[in-house]
Amino acid sequence: MSNKQWFLKGMRAGVPICLGYFAVSIALGITAKGAGITALQAAITSLLINASAGEYAGFSLIAVGASYVEVLLMEAVANARYLLMSASLSQKLNPKTKLWQRLLLGFTVTDEIFGASISIDGYLSPCFTYGAFVVATAGWTSGTFIGAVLGDVLPLRLMSALAVGLYGMFISVFIPEAKKNKIVAALVAISFAASFAFEKLPFVRDISSGIRVIILTVVISLVAAIFFPVKEASENDT
């Protein structure tokens, strides 16, 4: 396919992500307003920082007057998982992919966009991820703006319902692949069980959620790569 076709395919994949982002980012906008941030500032932040947990943490720390060092450390922990996602996506790129395309791809990576991109068979065209990002970030940015404008107008029950929507959408990203591949299904089940165990076990549960995600991702991915390696895609798979 041409770059334009890849981009349009990515835009279509980004539509459900956009809807989920819009719903969840309204709550983020309300958090931003509570921290004394204007609607325009909140929208620009969402446009430039593609990290839901990172933004929530940042706005919450700003609200309590945390220092720059504290914000820096928290953001580094909350967003470290994107390094792993970017490294994983780099393995799906054609070796001829240019450096600037790789850097731009790294900027566009979010949990859901990563899920949609990694599911592509064969080589991944960066244009697919760019297309998904353009649509998805429109929902994320506009939702943040509207949330900051509305403030505390929306009822708490509605905000809780909106927050669940993104989790349901993310589950829909890997369920189709899990249905086709028993190994993927098993790894998903193991990930769920391990995540629950990390939440309950002594000492481990005291580790920040960002660090727990990184540990589980590295360990489970490493074991899967060793015992169930994926064959390299040929250049004909582009």
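All figures in this text were calculated on a predicted structure; none of them were measured in a lab.
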Within the 4.5 Å heavy-atom criterion, are [X] and [Y] side-chain neighbours or not?
X      : Y     : result
Asn3   : Phe7  : no
Ile118 : Leu89 : yes
Lys9   : Met1  : yes
Ser88  : Met85 : no

Open item on the list: Who clusters with Leu99? Use side-chain heavy atoms, under 4.5 angstrom, across I, L, V, M, F, W and Y, and order the result by chain and number.
Closed with: Leu103
Task: Whichever hydrophobic residues join Val69 through chains of side-chain contacts under 4.5 Å - done: Leu73
Is the backbone of [Y] close enough, under 3.5 Å, to the side chain of [X] for a donor and an acceptor to pair up by distance?
X      : Y      : answer
Ser2   : Gln5   : yes
Thr97  : Asn94  : yes
Ser90  : Ala87  : yes
Ser142 : Gly139 : yes
Thr137 : Val134 : no
Lys33  : Thr38  : no

Is there a path from [X] to [Y] through hydrophobic residues (I, L, V, M, F, W, Y) whose side chains come within less than 4.5 Å of each other?
X      : Y      : value
Tyr68  : Val71  : no
Leu104 : Val135 : yes
Leu47  : Phe22  : no
Ile44  : Phe59  : no

Please name the pair of heavy atoms, one in [X] and one in [Y], separated by the smallest distance, quoted to 0.1 Å.
X      : Y      : answer
Leu48  : Phe107 : O-CE1, 3.4 Å
Gln101 : Pro126 : CB-CG, 4.4 Å
Gly54  : Asn79  : CA-OD1, 3.7 Å
Ala185 : Ala178 : CB-O, 3.4 Å
Ala42  : Ala32  : CB-CB, 3.8 Å
Ser86  : Val109 : OG-CG2, 4.1 Å

- [ ] Answer with yes or no whether the side chains of Thr129 and Ser117 bring together a donor and an acceptor at under 3.5 Å.
- [x] yes
Task: Tyr21 side chain to Glu112 side chain, donor-acceptor N/O pair below 3.5 angstrom - done: yes
Open item on the list: For a side-chain hydrogen bond (donor to acceptor under 3.5 Å, both in side chains) check, start with the C-alpha distance between Ser46 and Glu55, then their side-chain angles and the critical distance, and finish with the verdict.
Closed with: CA-CA 8 Å; Ser46 285; Glu55 282 191 72; 2.9 Å; yes
Show me the donor-acceptor pairs, under 3.5 Å and distance only, between side chains in residues 190-199 and residues at least two apart or in other chains.
unit_1 : atom_1 : unit_2 : atom_2 : d
Ser191 : OG     : Leu187 : O      : 2.7
Glu199 : OE1    : Arg212 : NH2    : 2.8

Task: Within the 6.0 Å centroid threshold, strictly below: Tyr82 and Phe114 - done: no
TODO: Determine, stepwise, if the pair Tyr56 / Val24 fulfils side chain to side chain contact (heavy atoms under 4.5 Å, CB included).
DONE: CA-CA 11 Å; Tyr56 274 114; Val24 176; 4.1 Å; yes
TODO: Would you please test Asp111 and Arg81 for side chain to side chain contact (heavy atoms under 4.5 Å, CB included) and show each step?
DONE: CA-CA 9 Å; Asp111 297 340; Arg81 68 188 186 279; 3.1 Å; yes
TODO: Report the C-alpha distance between Asn50 and Phe133 in whole Å, list the side-chain angles of each, state the deciding distance to 0.1 Å, and finish with yes or no for side chain to side chain contact (heavy atoms under 4.5 Å, CB included).
DONE: CA-CA 9 Å; Asn50 311 313; Phe133 169 78; 3.5 Å; yes
- [ ] In sequence, state the C-alpha distance, the side-chain angles, and the governing distance for Leu93 and Leu105, and then conclude on side chain to side chain contact (heavy atoms under 4.5 Å, CB included).
- [x] CA-CA 10 Å; Leu93 297 176; Leu105 180 67; 3.8 Å; yes
